[in-house]
Number of protein chains: 2
Amino acid sequence: MKELKYSRQREAVKEALQTRFDHPTADALYQSLREKYPHISLGTVYRNLSLLTDTGSIRKISCGDGSEHYDYNVSDHYHFVCRECGKVMDLDIDLIRSLNDMAVGPDIGIVNFHSLIFYGYCRECYKKSLER
Amino acid sequence: MKELKYSRQREAVKEALQTRFDHPTADALYQSLREKYPHISLGTVYRNLSLLTDTGSIRKISCGDGSEHYDYNVSDHYHFVCRECGKVMDLDIDLIRSLNDMAVGPDIGIVNFHSLIFYGYCRECYKKSLER
DNA sequence: TTTCATGCAAACCTTTTGCAGGATA
DNA sequence: TATCCTGCAAAAGGTTTGCATGAAA
């Protein structure tokens with residue numbers, strides 16, 4: 001693996017992700033970074049996000065809404081996605097370590113990760129749906 | 001919701017998906033459908049896949065490899081994805097019904113689905129990796 | 001004959017990439 | 001100076017959509 005050099009942009013991406021807990025997409029991150037770094041490019045954001053993902057400093061969340069979301073919190077945890085507003089939230093559930101073992105079987109070599117995502121309606125959207 | 005009319009293409013999409021257990025992408029399905037229906041268009045495949053998904057006849061699997069996969073099996077079950085070859089496999093694990101209840105919390109309205117995907121290396125790719 | 005579906009191609013959106021110039025070590 | 005990184009813009013996937021035609025009810 002190639003040597004990493006310091007880069008202001010990479011630090012900015014990391015910091016921006018660290019300060020928000022809404023699991024932004026690359027573009028959302030880019031939009032907010034542009035306020036402080038008007039010349040940063042979307043390509044750079046993508047490049048650094050994938051670099052940071054590869055080194056394990058951040059994590060990618062695929063929740064099926066058409067774009068990847070990113071999470072500064074790399075400790076194993078689960079997410080909830082609102083089907084109405086698309087919000088991605090952290091859940092306060094203990095990791096179920098035994099799950100990976102349940103998956104082993106004849107066609108499976110090793111299991112080293114599982115992604116558990118819950119879907120439904122967040123409180124706010126659920127309330128709105130009742131008012132209709 | 002609009003009324004659905006019979007269409008040969010839609011039936012073909014459904015049937016093609018029913019006969020394969022590899023959770024194909026839209027394009028993979030399109031490629032195999034072309035053998036029997038050389039004039040079917042990719043747009044039609046996409047349109048029908050999303051129609052069938054909306055009506056609940058099939059299910060979409062977002063495993064984070066850049067494209068959606070489709071599953072004829074709509075009963076709740078879990079998947080395994082090989083990080084090497086990208087294969088998506090069904091797992092023979094009982095649905096953990098209690099999971100959805102664990103997700104409830106102050107910011108959450110209702111939880112009605114969860115997606116559990118395991119990642120690792122399939123038997124075949126794992127063996128190959130040991131030989132190196 | 002009304003409504004829905006199709007094929008085709010263009011448009012769209014997200015992500016990746018090539019390149020020449022700039023920053024870091 | 002060698003290597004890595006950036007901005008820019010173009011390209012590359014994957015998916016959606018507009019439109020004129022065709023099939024189903």
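First the proteins, then the strands, lettered A, B, ... as listed; each starts at 1.
- Residues of residues 33-52 of chain B that place a heavy atom closer than 4.0 Å to DNA chain C, in numerical order, are B:H39, B:I40, B:S41, B:T44, B:R47, B:N48.
- Put simply, the side chain of B:Y121 does not reach to within 4.5 Å of the side chain of B:S129, judged on heavy atoms.
- Ion pairing of B:K128 with B:E84 is absent here, as no side-chain N (NZ or NE/NH1/NH2) approaches a carboxylate O to less than 4.0 Å.
- Residues from residues 9-28 of chain A lying near DNA chain D, meaning a heavy-atom separation below 4.0 Å, are A:Q9, A:R10 in numerical order.
- Atom-to-atom distance recorded for B:H69:NE2 and B:D22:CG is 9.5 Å, nearest 0.5 angstrom.
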*For nucleotides 20-25 of chain C, just jot down a letter per nucleotide in 5' to 3' order: B, S or -, based on protein non-hydrogen atoms under 4.0 Å.*
----BS
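- More than 12 heavy-atom neighbours from other residues, nucleotides or ligands sit within 6.0 angstrom of CG on A:D101.
- Counting heavy atoms from C-beta on, the side chains of B:T53 and B:Y70 come closer than 4.5 Å.
- Side-chain contact between A:E11 and A:Q9 is absent, with no heavy atoms from C-beta onward closer than 4.5 Å.
- Checking side-chain atoms of A:N100 against main-chain N and O of A:M102 turns up no donor-acceptor pair under 3.5 Å.
- For residues 31-41 of chain B, no residue pair satisfies the salt bridge (Lys or Arg N to Asp or Glu O under 4.0 Å) rule, not counting sequence neighbours.
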Under 3.5 Å, side-chain donor or acceptor atoms of residues 71-81 of chain A against the rest of the protein: list the pairs with distances, not counting sequence neighbours.
unit_1	atom_1	unit_2	atom_2	d
A:D71	OD1	A:N73	N	2.9
A:D71	OD2	A:H23	NE2	3.3
A:D71	OD2	A:H77	NE2	2.9
A:D71	OD2	A:H79	NE2	3.1
A:N73	OD1	A:S75	N	3.0
A:N73	OD1	A:S75	OG	2.7
A:D76	OD1	A:R59	NH1	2.7
A:H77	ND1	A:S75	O	2.6
A:H77	NE2	A:H79	NE2	3.0
A:H77	NE2	A:D90	OD1	2.9
A:Y78	OH	A:I96	N	3.0
A:Y78	OH	A:H114	NE2	2.7
A:H79	NE2	A:H23	NE2	3.4
A:H79	NE2	A:D90	OD1	3.1

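- A heavy atom closer than 4.0 Å to some atom of DNA chain C occurs in A:G66, A:S67, A:E68, these being the qualifying members of residues 65-74 of chain A.
- Going from atom CG of A:L29 over to atom P of C:dT14 covers 14 Å, rounded to whole Å.
- A:S41 and A:T44 are linked by a side-chain donor-acceptor pair at a separation below 3.5 angstrom, with hydrogens and angles left out of the test.
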*Hey, mind stepping through B:I108 and A:L91 against side-chain contact (heavy atoms from CB on, under 4.5 Å) and telling me if it holds?*
CA-CA 10 Å; B:I108 288 167; A:L91 287 178; 3.4 Å; yes
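- Interatomic distance, CG of A:N48 versus CG of A:D54, reported as 11.0 Å (0.5 Å rounding).
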